[in-house]
Amino acid sequence: MSDHPLFSTRNPWFGISVGITAGVAVLSAVVGLIWLPLLQPHLQLTGVWDAICSAAGVPRAAVQETAVKPDFKTSNVVMTSEMLTKADQVSIGRGATLAQRCAICHGPQGVSDAHSPNLAGQFAAVTYKELNDFKTGARVSVVMSPFAAAMSDQDMKDVAAYYAYLPRVPSNNLDTGRPAPAVVVTGAPMRNIPPCGSCHGDIDNKAGSPWLGGQSVVYIKAQLEAFASGARRNDISQQMRNIARQMTAEEIDQVAHYYEAQP
Amino acid sequence: MATETDHSPGEAVAARIERRWATLSIVIVGVLVGMAAFIGIHQATMPQGRVEIADPKTLHLSGEFTESNLGSEMAADGSVTVRAIGQQYSFTPQCIVVPADTPINLRATSADVVHGFLIEGTNINTMLVPGYITDLPVRFKAPGDHVMPCQEFCGIGHQGMWGKVKVVDKTAFRDMAAAKRRLTCVD
Ligand SMILES: [Cu+2]
């Protein structure tokens, strides 16, 4: 027996063990790739080949069904965390010229006491997104909408780059000693409220979330109330409405005062 | 050349043991395959039947995960499809409403990073992976409220990320579905 080669069809041990192993593999494949998928009616498989492809994980684009269209304008900006993070001098220069018309409300240095948002040092992606949303009508303002309507995509990028380039200026109500309210530091996990700073820059920045330090109390409160009531809906997939809805009037007041006092 | 008579008793014992061990390992493999099939069929684990993709950056622009298409939809055959997204740091819709004792297809994806999708009091526990659609056939036994926390660390605001699932009576749901095409229980 020891003279026979081990890997040979004449060795019954070899033949039987390989045969059984292959048999188990084929059986498992038939069960896993064909039989089990076909047992699941909700997969709506069109046949054996479809079952094999599905079970093997061949990706496919989601089936387009008749989606319900929104009855209001939603933001069409594609946000990424790298968006507009590398400004060039030409863009900033063009933006500086274009921004002269913004100075009446937003201040010559991007800061004003007019309860309009301070733009100096704002993330470029934020200024760009809001301008774009004003232009498409996803966000509505009697003052801003006509301005944005006249701007090209490049204009909006340039203005955003210019304001991002300007240094942040604290408001007249700067008070760094003011204690941070609980909702800013820890959020309210029991009500689906993450800490404000987890998106708005103090801890981490989520693309599209503005820097809030030094913004006017009136402005912050008005926006939170508009998100909560649904009057403002340009936050992509309700990311801010979900949070503002859960905030109490007292919390809205606290965060507005807190952020105004921040640099 | 070895002959039959040369076989020692030791060789026969070795062959017998070899055969038994081989049989045992094949039985083990068979049991494992059978177990995987059994728990798959009985939904103790819920392996997804197909891989569907969706671009996380453009979910809000078109397709089935646009804001106005999220929520619960009742099909003509009475089955329900729920669509939701997870994002830093909330689920939309924030409150999902579904009928009890009805086949439900849960479809969800992520708009940014990996999130968890767990419905307390049920065996629904999966992940929302950006780029891929999570699709689960589920059924809720009785009306009641469940919490739906994100159970996968998704960033510094993770602990604040959770939603609600409201299971309502079948007929109550049908009445609601007659009035509106996509249902949620967000107040
Ligand atoms: Cu999460």
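The chains referred to below are lettered A, B, ... by the order of the sequence lines, with proteins before strands, and numbering in each begins at 1.
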Partner chain A: residue of B:A37, B:A54, B:G163, B:P149 with the largest heavy-atom pair count (under 4.5 Å): B:A37
Relative to chain A, which segment of B:D112 carries a heavy atom at a distance below 4.5 Å: side chain, backbone, both, or neither? side chain
Proximity breakdown for B:A22 and chain A, heavy-atom pairs closer than 4.5 Å: neither
Sort A:R191 into side chain, backbone, both or neither according to what part of it lies under 4.5 angstrom from a heavy atom of chain B. backbone
What is the ring orientation for A:F123 with A:W211, classed by angle as parallel under 30°, tilted 30 to 60°, or perpendicular over 60°? perpendicular
For B:V186, is it the side chain, the backbone, both or neither that has a heavy atom under 4.5 Å from a heavy atom of chain A? side chain
Correct closest heavy-atom pair for A:S54 and A:R60 would be OG-NH2, 3.0 Å
Taking all atoms of both residues into account, what is the closest heavy-atom pair of A:P194 and B:Y89, and its distance? CG-CB, 3.6 Å
Quick check on A:K69 against chain B: is it the side chain, the backbone, both or neither that has a heavy atom closer than 4.5 Å? backbone
Tell me, for A:S237 versus chain B, whether the close heavy atoms (under 4.5 Å) come from the side chain, the backbone, both or neither. both
So, A:Y128 and A:D153: side-chain donor and acceptor under 3.5 Å apart, yes or no? yes
Of all heavy-atom pairs between A:T21 and A:S17, which one has the smallest distance, and what is that distance? OG1-O, 2.7 Å
Let me see the working for B:E52 and B:R107 under salt bridge (Lys or Arg N to Asp or Glu O under 4.0 Å), right down to the final yes or no. CA-CA 10 Å; B:E52 287 177 275; B:R107 289 173 67 76; 3.0 Å; yes
For B:Q151 and B:F117, indicate whether the former's side chain and the latter's backbone hold a donor-acceptor pair under 3.5 Å. yes
Chain B contact via A:I193 - side chain, backbone, both or neither, heavy atoms under 4.5 Å: backbone
Counting only heavy atoms closer than 4.5 Å, note whether B:S90 contacts chain A via side chain, backbone, both or neither. both
Go through B:L59, B:L70, B:I53 and name the one with the most non-hydrogen pairs under 4.5 angstrom from chain A. B:I53
Test log, rule salt bridge (Lys or Arg N to Asp or Glu O under 4.0 Å), inputs A:E82 and B:K57: CA-CA 12 Å; A:E82 309 83 49; B:K57 296 193 295 296; over 6 Å; no
With only heavy atoms counted, which part of A:T186 is less than 4.5 Å from chain B, the side chain, the backbone, both or neither? backbone
When A:D133 is tested against each of A:T74, A:N76, A:N234 for side chain to side chain donor-acceptor pair (under 3.5 Å), which residue passes? A:N234
Flag for A:Q215-A:Q223: side-chain donor and acceptor within less than 3.5 Å: no
Are side-chain heavy atoms of B:H60 and B:T66 found at a separation under 4.5 Å? no
In terms of heavy-atom pairs under 4.5 Å with chain B, which of A:D204, A:I243, A:L36 leads? A:L36
Which bit of B:Y132 comes within less than 4.5 Å of chain A, counting heavy atoms only: side chain, backbone, both or neither? neither
Side chain, backbone, both or neither: which part of A:P37 has a heavy atom under 4.5 Å from chain B? neither
Select one option (side chain, backbone, both, neither) describing which atoms of B:E18 are under 4.5 Å from chain A's heavy atoms. both
Candidates A:S198, A:C199, A:C196 - the one meeting side-chain contact (heavy atoms from CB on, under 4.5 Å) with A:S209: A:C199
Determine whether A:D202 and A:Y259 make a side-chain contact, defined as any pair of heavy atoms from C-beta on separated by less than 4.5 Å. yes
Between B:T92 and chain A, with a heavy-atom cut-off of 4.5 Å, which part of the residue counts as in contact: side chain, backbone, both or neither? both
Can you pull out the residues in residues 28-36 of chain B with any heavy atom less than 4.5 Å from chain A? B:V29, B:V33
Run the side chain to side chain contact (heavy atoms under 4.5 Å, CB included) check on A:W13 and B:R19 step by step: do they pass? CA-CA 9 Å; A:W13 282 97; B:R19 202 176 301 116; 4.0 Å; yes
Part of A:L43 lying under 4.5 Å from any heavy atom of chain B: both
Contacting moiety of B:L61, where chain A heavy atoms sit under 4.5 Å: side chain
Of B:P103, B:G155, B:P56, B:A15, the largest count of non-hydrogen pairs under 4.5 angstrom with chain A goes to B:A15
Looking at B:E64 and B:R182, is any side-chain nitrogen of the basic one under 4.0 Å from a carboxylate oxygen of the acidic one? no
